[in-house]
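This report refers to the structure that appears directly beneath it.
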Amino acid sequence: MIKIAISGAGGRMGQRLLALSDADESFELVQAIEWSGFPLLGKPVNSGANLAPRAGGIVWTDALVDGADVLIDFSSPENAVRNAELAARFNTALVIGTTGLDADQEHALAIAAEAVPVMKAPNFSLGVNLMFKLAAEAATVLGDDYNIEIVEAHHNQKVDAPSGTALGIAKAVAAPLGRTIPDDLVNGRVGKPGKRTTREIGMHALRMGALAGEHTVHFCNDFECISITHRTESRDVFVSGALRAAKWIVGKNPRMYSMQDMLFG
């Protein structure tokens with residue numbers, strides 16, 4: 001049985017991670033982690049909403065401790081970095097779904113990956129990760145003659161833009177074309193930006209309602225348009241993917257892994 005810790009366990013994603021991991025006999029919940037001001041700190045995890053009825057004796061804590069085989073983190077960039085440092089100390093594998101990290105925070109995760117296996121993904125949906133691969137193949141085949149535009153839509157409570165998934169698509173299409181992110185990324189357009197350049201990859205973020213997530217990448221030239229779309233129907237798709245990643249990464253050698261490594265080798 002895999003001993004699992006969940007950071008950000010009180011949030012929307014975290015609560016579903018608690019519920020679905022509790023329902024999976026492969027996992028034993030050993031920690032539920034939240035920020036230092038979380039009102040339920042010290043109280044039993046399996047009380048209240050009763051998200052994890054098997055988690056008897058487990059209380060809400062504000063920091064990772066020794067004893068978990070793997071930590072799944074859907075919290076904040078600051079907490080993700082702190083958890084990565086602790087995971088490296090405790091030899092705990094990491095699955096990071098937190099987005100919005102800056103360059104220094106990304107570097108901190110890379111340092112942790114020198115000590116423990118780290119799976120970092122902008123999106124744990126199997127379908128989205130297939131989309132990354134398909135988008136990269138489309139860019140390879142179509143080349144510089146096609147304009148690329150990415151449109152993403154999320155709920156009105158999402159705090160970062162563009163989404164980590166949209167940036168993942170941008171990186172996937174940029175690589176085979178010899179372009180770089182963020183240098184060739186154009187976030188929205190306003191005023192008179194002039195004619196579209198050959199190298200630019202357009203990015204547009206919509207925030208409305210309760211959308212779980214929708215991403216489309218368009219490839220267009222003067223004669224045709226090809227679009228690849230992924231639409232999320234339930235946030236549980238991210239949870240099931242993260243739990244699958246947690247099973248996969250335990251026992252791996254220390255380094256930074258991606259969902260592409262897990263799915264396509």
Side-chain angles (χ1 to χ4, degrees), residues 1-36 38-76 79-98 109 112-121 123-126 129 234-259 261-263:
M1 187 174 289
I2 298 171
K3 294 181 179 180
I4 186 173
I6 299 171
S7 177
R12 283 185 293 187
M13 285 292 294
Q15 290 181 35
R16 295 308 296 157
L17 281 164
L18 285 175
L20 269 66
S21 64
D22 189 77
D24 188 331
E25 295 293 337
S26 301
F27 292 109
E28 176 190 356
L29 180 70
V30 296
Q31 261 200 284
I33 305 166
E34 263 296 343
W35 63 291
S36 59
F38 188 62
L40 297 179
L41 290 181
K43 296 182 179 180
V45 173
N46 64 349
S47 63
N50 203 29
L51 297 168
R54 289 199 292 126
I58 305 299
V59 299
W60 293 93
T61 60
D62 64 355
L64 180 69
V65 298
D66 198 4
D69 297 317
V70 61
L71 167 68
I72 300 181
D73 187 291
F74 278 87
S75 59
S76 67
N79 284 335
V81 168
R82 183 181 65 158
N83 287 330
E85 293 169 348
L86 292 170
R89 183 191 309 172
F90 299 138
N91 196 32
T92 301
L94 271 170
V95 174
I96 304 288
T98 300
L109 297 188
E114 296 174 1
V116 293
V118 178
M119 165 79 79
K120 180 180 175 295
N123 191 308
F124 283 94
S125 157
L126 304 189
N129 282 278
S234 167
R235 288 185 178 86
D236 282 0
V237 71
F238 310 128
V239 175
S240 63
L243 292 174
R244 178 169 169 176
K247 294 176 183 179
W248 180 84
I249 202 169
V250 171
K252 294 290 189 295
N253 292 326
R255 75 173 179 88
M256 186 69 73
Y257 294 89
S258 69
M259 286 289 281
D261 294 318
M262 185 182 82
L263 296 175

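Values in this document were obtained by computation on a predicted structure and should not be read as measured data. No hydrogens, no waters, no symmetry mates; every other heavy atom, side chains included, goes into these values.
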All side chain to side chain contact (heavy atoms under 4.5 Å, CB included) counterparts of Asp261, not counting sequence neighbours: Trp248, Arg255, Tyr257, Ser258
Do Phe238 and Asp236 touch side chain to side chain, with heavy atoms closer than 4.5 Å? no
So does Asp24 pair up with Lys247, basic N to acidic O under 4.0 Å? yes
Any non-hydrogen side-chain atom of Asn91 less than 4.5 Å from a side-chain atom of Val116? yes
Under 3.5 Å, is there a donor-acceptor pair between the side chain of Asp73 and the main chain of Ser7? no
Do Val45 and Val59 have side chains that approach each other closer than 4.5 Å (heavy atoms only, starting at C-beta)? no
Identified side-chain contact (heavy atoms from CB on, under 4.5 Å) counterpart of Met256 within the set Leu94, Ile96, Leu109: Leu109
Scan side-chain atoms only and decide if Asp62 and Ser36 contain a donor-acceptor pair under the 3.5 Å cut-off. no
Does Ile72 reach the side chain of Leu243, with side-chain heavy atoms less than 4.5 Å apart? yes
Could you give me the CA-CA distance, side-chain angles and deciding distance for Asp69 and Lys3, then say whether salt bridge (Lys or Arg N to Asp or Glu O under 4.0 Å) is met? CA-CA 5 Å; Asp69 297 317; Lys3 294 181 179 180; over 6 Å; no
Holding to side chain to side chain contact (heavy atoms under 4.5 Å, CB included), I want the full list of residues that pass it with Arg82, two or more places apart in sequence or in another chain. Ala63, Asn79, Leu86
Identify, with sequence neighbours excluded, every residue that meets side chain to side chain contact (heavy atoms under 4.5 Å, CB included) alongside Val65. Gln31
Kindly say whether Ala80 contributes a backbone atom to a donor-acceptor pair with the side chain of Thr98 at under 3.5 angstrom? no
Find out whether Ile6 and Ser21 are in side-chain contact, i.e. whether some heavy atom of one side chain is under 4.5 Å from a heavy atom of the other. yes
Does atom CZ of Arg244 have more than 12 heavy-atom neighbours, drawn from other residues, nucleotides or ligands, at distances under 6.0 Å? no
Flag side-chain contact, heavy atom, 4.5 Å: Leu64 against Ile33: yes
Under a 3.5 Å distance rule, please check whether Arg16 uses its side chain to pair with a backbone N or O of Val239 as donor and acceptor. no
